[in-house]
Amino acid sequence: MSSSENPPIDPIASAAKGVTDSVINHSESKIKNLINRFLNKDYFFAENSDIIEVAKQERKRTEAVLFKQYVKNKDFNIIFHMGLTLRKLEKENKDWDSLHIKIRNKFDEKGLHMAYFVQNGLFSKYLGIILEKGKSMEETNREPTLREIDTYLVKVANVKLNNNIKRKDIEE
Amino acid sequence: MSKLVSIQDFSNEEKVELLDGLGYGSDGVFVLSLDGEQFLDKYTDEPIRLDNMFIYPGSVIILDNNPLSIDSFLEEYGDVL
């Protein structure tokens with residue numbers, strides 16, 4: 001084949017293709033390397049590391065650690081942590097509607113009430129009242145206490161007005 | 001303990017390639033299982049968005065990266081993160 005039969009070489013296009021190929025190959029090798037490290041359990045992946053850090057911090061809070069000592073029900077512990085997370089989001093003026101919906105979908109209205117109870121700081125106060133009664137730890141069964149929140153006093157509604165979060169106690 | 005790799009800056013193509021390498025797929029928005037169905041978060045029963053994934057090794061756990069799912073994961077598997 002003579003050189004005249006070869007298509008002319010566009011040096012700019014050729015260089016651009018080289019760069020593109022290089023980027024694709026780099027990306028492919030990057031992902032393959034990550035997958036290998038993942039399968040070796042070296043790595044895990046997450047979109048937003050902040051959510052993981054907040055979850056870890058809330059679980060270490062004194063309230064959460066104390067609660068877990070007496071409540072072995074996993075769902076109650078998760079609800080408690082969600083209450084603390086709602087409190088944090090509210091304090092930082094961050095949107096908590098999405099989490100609110102997820103809690104209700106997972107644990108129904110009652111679970112959401114429990115989370116509000118923790119969010120509003122009422123659970124710690126209520127626990128303090130129970131402890132003042134002088135019962136022993138063995139006598140004080142925390143799980144029914146949390147279950148009966150609706151019966152006792154949680155008639156708390158969280159109302160958003162004019163983008164300001166306001167709380168309103170409701171008496172039925 | 002496994003180390004966190006943020007995939008926040010990954011392109012959608014890279015995320016799909018990552019899922020493909022782990023035996024999952026995507027329709028460009030949600031994570032799909034092998035049979036092409038939307039893969040659901042085991043704790044919330046909601047579809048998992050490609051732009052909000054949490055993926056943990058072992059038996060490959062893919063979750064929606066939200067506080068409820070992450071806390072439920074930690075409650076089930078312990079402080080592994």
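FYI, side chains are in, hydrogens and waters are out, and symmetry mates aren't considered; it's all heavy atoms of this structure. A, B, ... follow the sequence lines: proteins, then strands. Residue 1 opens every chain.
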Worksheet item: Looking only at heavy atoms, what is the nearest atom pair of B:N65 and A:I52, with distance?
Response: OD1-CG1, 4.3 Å

Worksheet item: Among A:R59, A:K56, A:K106, A:H81, who wins on heavy-atom pairs under 4.5 Å with chain B?
Response: A:R59

Response to the item:
Under a 4.5 Å heavy-atom criterion, the part of residues 73-81 of chain B in contact with chain A comprises B:L74, B:E75, B:E76, B:D79, B:L81

Worksheet entry | Linked, directly or transitively: A:L84 and B:I70 (ILVMFWY side chains, under 4.5 Å) | no

Worksheet entry | CG-CD distance between B:D64 and A:E47, expressed to the nearest 0.5 angstrom | 10.0 Å

Practice prompt. Please flag which part of A:K74 lies under 4.5 Å from any non-hydrogen atom of chain B: side chain, backbone, both or neither.
Written response: both

Worksheet item: Are there residues of residues 24-45 of chain B that reach to under 4.5 Å of chain A by heavy atoms, and which ones?
Response: B:Y43

Discussion item. For residues B:L19 and B:V5: do they belong to one hydrophobic cluster (side chain heavy atoms under 4.5 Å, members Ile, Leu, Val, Met, Phe, Trp, Tyr)?
Written reply: yes

Fill in: Neighbours of chain B found in residues 34-45 of chain A - heavy atoms under 4.5 Å
A:L34, A:I35, A:F38, A:L39, A:K41, A:D42, A:Y43, A:F44, A:F45

Worksheet entry | residues 49-63 of chain B: residues contacting chain A (heavy atom under 4.5 Å, by number) | B:L50, B:D51, B:N52, B:M53, B:F54, B:I55, B:Y56, B:P57, B:G58, B:V60

Item to complete: Could you grab the distance from atom CG of B:L68 to atom CG of A:N105, nearest 0.5 Å is fine?
Response: 9.5 Å

Worksheet item: Where does A:T85 contact chain B at under 4.5 Å (heavy atoms): side chain, backbone, both or neither?
Response: side chain

Fill in: Minimum heavy-atom distance B:P67-A:I51, with the two atoms named
N-CG2, 3.8 Å

Worksheet item: Heavy atoms, side chains only, cut-off 4.5 Å: are B:E17 and A:K30 in contact?
Response: no

Item to complete: Please state whether the side chain, the backbone, both or neither of B:E13 comes within less than 4.5 Å of a heavy atom of chain A.
Response: neither

Worksheet item: Picking from A:V54, A:I79, A:I78, what satisfies side chain to side chain contact (heavy atoms under 4.5 Å, CB included) with B:D71?
Response: A:I78

